[in-house]
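To keep things clear, I will list the structure first and then write my remarks on it.
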Amino acid sequence: MTKTLAIAVYPGDGIGPEVIAEALKVLDRVQALEGSFQLALTMLPWGVDYWKQHGRVVPDNFLDVLRPCDAILLGAVGWPALIPDSETLAPLVTIRQSFDQYACVRPARLLPGLASVLAGKQPGDIDFVVIRENSEGEYVDNGGRLRRGTPDEVAVQTALHTRRGIERILRYGFDLARRRRHTLTMATKSNAQRHAYGLWDEVLEQLAPEYPDVASDRQHCDALLMNLVRWPERFDVIVASNLFGDLLTDLGGVLSGGLGLAPSTNTNPELRFPSMFEPVHGSAPDIAGQGIANPIAAILSASMMLDHLNLPSAAERIRTAVETALAEGARTRDLGGTLRTSEMGDAIVRCLDSAGK
Ligand code: NAI
Ligand code: MG
């Protein structure tokens with residue numbers, strides 16, 4: 001029986017619509033090849049154009065529109081020359097929080113055929129996943145400023161870490177490690193921040209015995225960043241707080257070939273709400289409208305969406321097709337080539353086709 005899945009597509013601004021068009025092309029083909037599922041797409045014309053007509057980037061009821069969907073596929077939002085980022089990006093923050101998308105999952109994998117920025121490292125040496133706690137920690141909006149503008153000005157910003165929040169993100173990491181290479185590293189900084197990361201350390205210690213098949217340890221985040229550059233091959237699953245995850249995922253992005261390739265999720269693992277899948281990159285106004293953006297980050301995000309929707313063979317087809325296209329030399333400009341956005345999409349579709357039924 002064919003199952004139908006409702007997908008909200010929010011292409012957004014700048015190169016968002018350009019890369020999403022290619023992701024949809026690939027999804028359409030994979031759906032035809034698999035024959036076991038159907039994606040019912042709802043295209044959402046939100047963003048800068050919507051703002052020009054309505055004075056806001058999304059309608060007031062945008063969460064109600066998204067809630068019944070099985071997943072959200074996002075391109076990128078933002079056009080700072082026209083609208084402050086605080087306004088264009090605000091709906092994304094609301095989506096992540098309202099739909100309790102507490103696990104931000106960002107794989108960092110150097111694909112075959114691509115050169116690493118690290119001397120001597122091959123594809124296979126760089127294959128780790130950073131799971132960033134996406135709902136609390138250092139990024140809760142908690143603080144204030146006193147005596148503004150005076151020499152005695154004071155700023156206070158307090159992080160918030162909960163046992164529940166730490167436990168659920170670590171369990172997510174352990175479960176993922178079980179499906180990978182059975183190794184989990186937690187980022188900490190309990191040497192200098194003993195309250196917050198002391199709690200992280202304790203929760204890790206309490207959970208580890210429940211996962212005897214996963215080798216787990218913790219590293220101070222500064223050392224972890226250094227070790228990722230020296231020995232990326234030692235890392236499999238990395239779990240980090242919101243701030244540390246932010247730092248680690250930028251490093252992961254560059255180690256795995258750059259923004260044009262890096263996919264991301266904002267996951268609600270319990271499936272109580274739709275999760276959101278998006279490339280790590282933004283709307284890239286500097287190259288928007290030229291048809292030269294690399295669509296692979298968006299295409300791999302669509303593949304992660306299919307995995308989340310329990311369509312692993314469809315997800316795998318896409319990953320394999322991307323790898324084959326790159327191995328055959330397909331390159332957009334950011335990778336040193338000359339392919340246009342749509343030509344890269346076409347190359348990946350051809351690889352899907354030749355891998356066949
Ligand atoms: P950006 O990621 O849009 O671009 C950074 C640099 O990488 C640019 O030179 C761009 O041309 C290049 N680049 C990005 N994606 C690429 C791709 N697929 N192919 C080839 N080159 C690519 O970051 P930037 O310039 O800091 O931000 C631009 C706008 O995007 C801002 O409004 C920002 O707030 C927004 N943004 C939105 C995000 C989202 O929608 N989740 C995430 C990050 C930024
Ligand atoms: Mg960042």
Side-chain angles (χ1 to χ4, degrees), residues 8-26 44 46-51 57-58 62 66 72-97 99 101 104-106 111 114 117 132 134 139 242 245-247 249-254 256-267 275-302 304-305 322 325-326 330-345 347-348:
V9 185
Y10 180 176
D13 311 312
I15 63 168
E18 301 172 33
V19 296
I20 287 297
E22 302 312 306
L24 295 180
K25 197 152 95 181
V26 167
L44 302 167
W46 300 342
V48 173
D49 289 339
Y50 191 90
W51 174 85
V57 289
V58 294
F62 73 105
L66 299 173
I72 304 162
L73 183 62
L74 173 77
V77 301
W79 199 265
L82 215 54
I83 316 177
D85 275 345
S86 54
E87 208 172 311
T88 26
L89 271 67
L92 300 192
V93 178
T94 308
I95 291 169
R96 290 181 186 132
Q97 289 175 356
F99 294 158
Q101 296 169 343
C104 173
V105 182
R106 293 188 171 176
L111 297 174
L114 296 181
V117 293
R132 166 181 172 189
N134 217 14
Y139 287 6
N242 215 330
D246 196 357
L247 308 181
T249 51
D250 269 25
L251 178 59
V254 75
S256 56
L259 276 178
L261 300 169
S264 171
T265 83
N266 302 275
T267 307
S275 296
M276 181 162 66
F277 301 82
E278 55 170 327
V280 170
H281 64 72
S283 56
D286 55 335
I287 58 166
Q290 300 176 34
I292 56 171
N294 187 345
I296 289 182
I299 290 169
L300 290 175
S301 301
M304 293 183 84
M305 178 179 82
V322 167
L326 287 171
R331 299 280 187 279
T332 39
R333 209 180 62 170
D334 55 310
L335 301 177
T338 57
L339 288 191
R340 299 179 59 76
T341 309
S342 61
E343 292 169 333
M344 181 57 110
I348 293 166

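Every number for a ligand or one of its atoms is a count from 1 in the order of the listing. Source: prediction; values computed, not measured.
For atom 13 (N) of ligand 1, the closest non-hydrogen atom on the protein side is Ala284 CB, 4.2 Å. Among all non-hydrogen protein atoms, the one lying nearest atom 22 (C) of ligand 1 is Ile287 CD1, 4.0 Å. Of all protein heavy atoms, the one lying nearest to atom 38 (C) of ligand 1 is Gly282 CA, 3.7 Å. From the protein, the heavy atom lying nearest to atom 5 (C) of ligand 1 is Leu259 CD1, 3.9 Å.
Residues Val57 and Trp51 form a side-chain contact, since some pair of their non-hydrogen atoms from C-beta on lies under 4.5 Å apart. A heavy-atom distance below 4.5 Å is found between the side chains of Pro295 and Thr332. Looking only at side-chain heavy atoms (C-beta outward), Leu114 and Arg331 come within less than 4.5 Å of each other.
For Thr341 (side chain) and Ala293 (main-chain N/O), a donor-acceptor pair under 3.5 Å exists by modelled atom type. Thr265 contributes no side-chain N or O that, together with a main-chain N or O of Phe277, makes up a donor-acceptor pair within less than 3.5 Å. Side-chain atoms of Arg333 do not come within 3.5 Å of backbone N or O of Asn294 as any donor-acceptor pair.
Distance check for atom 18 (N) of ligand 1: a protein heavy atom is found below 4.0 Å. The nearest protein heavy atom to atom 40 (O) of ligand 1 is closer than 4.0 Å. At a distance under 4.0 Å, a protein heavy atom can be found next to atom 9 (O) of ligand 1. Remark: atom 26 (O) of ligand 1 lies closer than 4.0 Å to no protein heavy atom.
Interface atoms of ligand 1 facing Leu89, defined by a heavy-atom separation under 4.0 Å, are 34 (O). Heavy-atom contacts of Pro80 reach the following atoms of ligand 1: 31 (C), 32 (O) (cutoff under 4.0 Å). Those atoms of ligand 1 that come under 4.0 Å of a heavy atom in Ala76, given as number and element, are 40 (O).
Counting heavy atoms under 4.0 Å from ligand 1, residue Asn294 touches it through both backbone and side chain. Only the side chain of Ile15 comes within 4.0 Å of ligand 1, counting heavy atoms alone; its backbone N, CA, C and O stay farther away. No part of Ile292 comes within 4.0 Å of ligand 1, judged by heavy-atom distances. Contact annotation for Arg333 and ligand 1: no heavy atom of the residue comes within less than 4.0 Å of the ligand. Of the heavy atoms in Thr88, none comes closer than 4.0 Å to ligand 1. Of all the heavy atoms of Pro285, the ones lying under 4.0 Å from any atom of ligand 1 belong exclusively to the side chain.
Between Ile292 and Glu18, the shortest heavy-atom distance links the atoms N-OE1, 4.4 Å. Listed here is the closest heavy atom pair of Gly345 and Lys25: C-CE, 4.1 Å. Taking each heavy atom of Met276 and Leu92 in turn, the nearest pair found is CE-O, 4.3 Å. Contact between Pro279 and Ser301 at its shortest, heavy atoms only, is N-OG, 3.3 Å. For Asp13 against Val77, the heavy-atom pair with the smallest separation is OD2-CA, 3.4 Å.
Nearest-heavy-atom check against atom 35 (C) of ligand 1 across Ile296, Val77, Asp85 picks out Val77. Of all the listed residues (Ser86, Gly78, Ala298, Ser283), Ser283 holds the heavy atom that lies closest to atom 30 (O) of ligand 1.
Other residues, nucleotides and ligands contribute more than 12 heavy atoms inside 6.0 Å of the CZ atom of Arg96.
Between His281 and ligand 1, at least one N/O pair is under 3.5 Å apart. Remark: ligand 1 and Gly260 share no N or O pair separated by less than 3.5 Å (distance only, no angle test).
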